[in-house]
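Everything numeric in this text was worked out from a predicted model, so none of it was measured. Here is how names work: the chains are called A, B, and so on, in the same order as the sequence lines, proteins then strands, and each is numbered from 1.
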Number of protein chains: 2
Amino acid sequence: MIDNRLIERISVLGTERYAPKGTFLMRQGDHSDHFFLFRRGLAKAYYETIEGREFIKSFIRENECIASMQVIAAGNPSPFNLMTVEDSCILEIPGNTLTTVIEEEAHFSRALNSLLIQVAMKKEQREYELLCLSAEQRYSMLCTRDPELIRRLSQNDVARYLGITPVALSRIRNRARSKSLLNRERHNTNSPHKC
Amino acid sequence: MIDNRLIERISVLGTERYAPKGTFLMRQGDHSDHFFLFRRGLAKAYYETIEGREFIKSFIRENECIASMQVIAAGNPSPFNLMTVEDSCILEIPGNTLTTVIEEEAHFSRALNSLLIQVAMKKEQREYELLCLSAEQRYSMLCTRDPELIRRLSQNDVARYLGITPVALSRIRNRARSKSLLNRERHNTNSPHKC
DNA sequence: CATATCCGTTAACTTGGGTTAATGCCGAAG
DNA sequence: CTTCGGCATTAACCCAAGTTAACGGATATG
């Protein structure tokens with residue numbers, strides 16, 4: 001996801017860190033402005049309501065990075081939690097280190113540009129899916145686009161990423177199952193069932 | 001929304017244009033890579049499904065700008081329509097003009113950075129609302145945050161921005177009305193009814 | 001081994017939004 | 001003036017998802 005040369009450049013600015021599954025790297029309300037680059041593992045960024053409901057913004061994997069725009073750019077407290085869902089290895093860079101480097105070195109600014117554009121495009125896609133697609137459509141799209149992610153996640157977390165409850169996701173999978181069974185009977189195909 | 005000095009710098013690159021209400025500035029599927037800066041008026045950026053359903057991504061007002069990331073950064077066709085909903089005055093800049101200027105002049109790159117960060121933060125907020133809030137909560141949040149926008153829009157367009165049908169929005173408003181009536185009777189307040 | 005915990009599934013019931021259609025209200029065009 | 005099209009409202013009906021609860025399987029822990 002992130003340019004290889006950029007990774008090498010950035011590496012010297014931060015420290016590597018091991019975080020077992022379930023570790024909080026950032027907490028909703030924090031002002032910690034760290035920038036995280038994932039070497040290995042998987043984490044979820046999620047909003048938590050006062051009643052304890054959980055909504056997952058995004059997942060971060062190997063060679064992906066995350067920071068809270070709100071914290072870094074606006075100085076607001078982080079609006080979300082960041083927690084590992086697999087044992088992970090992370091490069092952690094203090095926010096101010098990064099911003100000074102970006103201001104001082106032009107090629108970093110250029111690199112940040114393309115990174116931001118990627119982020120914006122991803123967000124645009126996410127907005128599209130949340131706005132225009134039904135939960136079922138979002139699920140089947142995720143299944144085809146990123147089956148590996150689904151394998152690595154619990155169904156609970158998939159559901160909370162899709163914006164529905166685990167019960168609802170179970171029902172959707174059930175419906176899909178009976179639909180594909182029906183199709184198999186009708187057309188007598190024997191394609192193996194996936195997802 | 002957009003820095004004043006930046007506006008002046010950019011102005012020389014494009015041409016001003018008048019577009020009456022209902023004009024398409026960009027069409028879903030187009031490869032036109034224009035960058036639009038609004039001087040006056042209001043437009044909606046929206047997705048349209050094959051069945052003709054409409055989902056509004058965002059609105060663009062005075063001193064705000066829009067371009068399709070997909071077109072400019074990835075060369076994809078535009079995923080959305082852009083149509084004025086008020087008579088508007090727009091500064092239109094060809095995409096390649098803008099990109100060459102950004103590559104050649106460092107301060108433009110810097111300015112683009114902060115613009116992209118703003119975009120990303122807005123999208124983050126939108127993602128939060130679509131993911132975590134009910135339609136009713138989204139509506140009341142919009143009412144308090146941006147009452148002016150609601151005044152300028154038809155209820156149809158507000159509904160399609162919230163991701164619901166006009167019928168559903170009418171019901172929500174109805175519920176809110178009877179709720180506030182109830183409260184007025186109970187506490188005998190006489191605050192005027194808004195939105 | 002027994003126990004506790006977490007996860008996925010299923011059922012029963014509620015609720016919120018979609019769909020369709022009818023109505024009334026403009027404002028624009030003829 | 002009349003007519004037409006777009007908009008907001010309301011009603012009736014349907015369906016998808018939320019909520020709660022029960023159950024079974026897997027895994028970890030004593």
Side-chain angles (χ1 to χ4, degrees), chain A residues 20-22 42 44 47 49-56 83-87 129-143 150-181 193-195, chain B residues 20-22 42 44 46-56 83-87 129-143 150-181 193-195:
Chain A
K21 175 178 173 172
L42 179 62
K44 62 180 174 184
Y47 300 106
T49 68
I50 15 171
E51 311 99 37
R53 296 192 56 186
E54 187 181 318
F55 297 91
I56 299 182
M83 194 181 96
T84 54
V85 295
E86 290 180 0
D87 296 348
E129 289 174 16
L130 288 173
L131 185 63
C132 305
L133 302 184
S134 69
E136 187 170 341
Q137 289 172 315
R138 289 201 295 275
Y139 176 63
S140 85
M141 178 158 277
L142 184 64
C143 279
I150 292 191
R151 275 194 299 276
R152 289 169 73 174
L153 289 173
S154 78
Q155 211 167 295
N156 273 353
D157 279 344
V158 173
R160 284 168 197 137
Y161 175 70
L162 296 174
I164 58 178
T165 59
V167 177
L169 179 56
S170 181
R171 278 192 292 237
I172 286 175
R173 285 165 51 90
N174 193 345
R175 281 201 294 269
R177 215 158 33 229
S178 46
K179 223 185 270 178
S180 84
L181 256 176
H193 183 251
K194 284 167 203 157
C195 286
Chain B
K21 176 177 171 171
L42 179 63
K44 62 180 175 183
Y46 66 99
Y47 301 106
E48 203 175 348
T49 67
I50 12 171
E51 311 99 37
R53 296 192 56 185
E54 186 180 319
F55 297 90
I56 300 181
M83 193 181 97
T84 54
V85 296
E86 291 179 1
D87 295 349
E129 289 173 17
L130 288 172
L131 184 63
C132 304
L133 302 185
S134 68
E136 188 171 339
Q137 290 172 313
R138 289 201 295 274
Y139 176 62
S140 83
M141 179 159 276
L142 184 63
C143 278
I150 292 191
R151 276 194 299 276
R152 290 169 73 175
L153 289 173
S154 77
Q155 213 165 293
N156 272 354
D157 279 344
V158 173
R160 283 168 198 137
Y161 175 70
L162 296 174
I164 58 179
T165 60
V167 178
L169 179 55
S170 181
R171 278 192 291 236
I172 287 174
R173 284 165 52 89
N174 194 344
R175 281 201 294 268
R177 217 160 28 232
S178 46
K179 225 186 266 178
S180 83
L181 257 176
H193 184 250
K194 282 168 202 156
C195 284

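By the 4.5 Å heavy-atom criterion applied to side chains, B/T49 and A/C132 are not counted as neighbours. The closest side-chain heavy-atom distance from B/D157 to B/Y46 is not below 4.5 Å. Under the 4.5 Å side-chain criterion, counting only non-hydrogen atoms from C-beta, A/Y139 is in contact with A/I150.
Phosphate contact (OP1/OP2 of C/dT9, side-chain N/O of A/R173, threshold under 4.0 Å): present. Taking 4.0 angstrom as the limit, A/Q155 places none of its side-chain polar atoms (N or O) nearer than this to OP1 or OP2 of C/dC6. The phosphate of C/dT10 (OP1 or OP2) has no side-chain N or O of A/R175 nearer than 4.0 angstrom. Within the structure, every side-chain polar atom (N or O) of A/T165 is placed at least 4.0 Å from both OP1 and OP2 of D/dA17. Put simply, B/R177 has a side-chain N or O that comes within less than 4.0 Å of OP1 or OP2 on D/dT10. Here B/R138 does not reach the OP1 or OP2 of C/dG16: none of its side-chain N or O atoms lies under 4.0 Å away.
Counting to the nearest Å, the C1' atom of D/dA17 and the CD atom of B/E136 are 17 Å from each other. Nucleotide D/dG18 holds its P atom 10 Å from the CG atom of A/L169, rounded to whole Å. We find that CD of B/E54 is positioned 13 Å from P of D/dG6, with the value rounded to whole Å. A straight line from CZ of A/F55 to C1' of D/dA17 spans 12 Å, rounded to a whole angstrom. Here C/dT20 presents its P atom at 10 Å from CZ of B/R53, a figure rounded to the nearest Å. Rounded to an integer number of Å, the gap from CD1 of A/I164 to P of D/dC15 is 19 Å. Atom pair A/Q137:CD and D/dC15:P shows a separation of 17 Å (rounding to whole Å applied). A straight line from CG of B/L162 to C1' of C/dG18 spans 15 Å, rounded to a whole angstrom.
The distance from atom CD1 of B/I172 to atom CZ of B/R177, rounded to the nearest 0.5 Å, is 12.0 Å. Interatomic distance, B/E136 CD to B/I164 CD1, rounded to the nearest 0.5 Å: 9.5 Å. The CD atom of B/E129 lies 12.0 Å from the CG atom of A/L130; values are rounded to the nearest 0.5 Å. The CG atom of B/L142 lies 13.5 Å from the CD atom of B/Q137; values are rounded to the nearest 0.5 Å. Distance CD/B/Q155 to CG/B/L162: 10.0 Å, rounded to 0.5 Å. Separation of atoms OG (A/S170) and CZ (A/R175) is listed at 10.5 Å; rounding is to 0.5 Å.
Here the side chain of A/N156 is nearest to one of C/dC7, C/dG18, D/dC7, namely C/dC7. Closest contact between the side chain of B/S154 and the listed nucleotides C/dT9, D/dC7, D/dT9 involves D/dC7.
From one end of the helix from C/dC1-D/dG30 to C/dG30-D/dC1 to the other, with five pairs defining each end axis, the axis direction shifts by 30° (rounded to 10°).
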Do any N or O atoms of the protein come closer than 3.5 Å to N or O atoms of nucleotides 11-14 of chain C, and which pairs are they?
residue	atom	partner	partner atom	Å
C/dA12	N6	A/R171	NH1	3.3

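Scanning both residues, B/L169 and B/A159, for their nearest heavy atoms gives CD2-N, 3.7 Å. Annotation for A/T165 and A/R53: closest pair CG2-NH2, 4.5 Å, computed over non-hydrogen atoms.
The 5' end of DNA chain D is approached more closely, in terms of each residue's nearest nucleotide, by B/R160 than by the other of B/R160 and A/A135.
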message: At under 4.0 Å between heavy atoms, how does the protein contact nucleotides 22-30 of chain C? Give one character per nucleotide, 5' to 3', with B, S or -.
response: ---------

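Using modelled atom types, no side-chain atom of A/R160 and backbone atom of A/E54 make a donor-acceptor pair closer than 3.5 Å.
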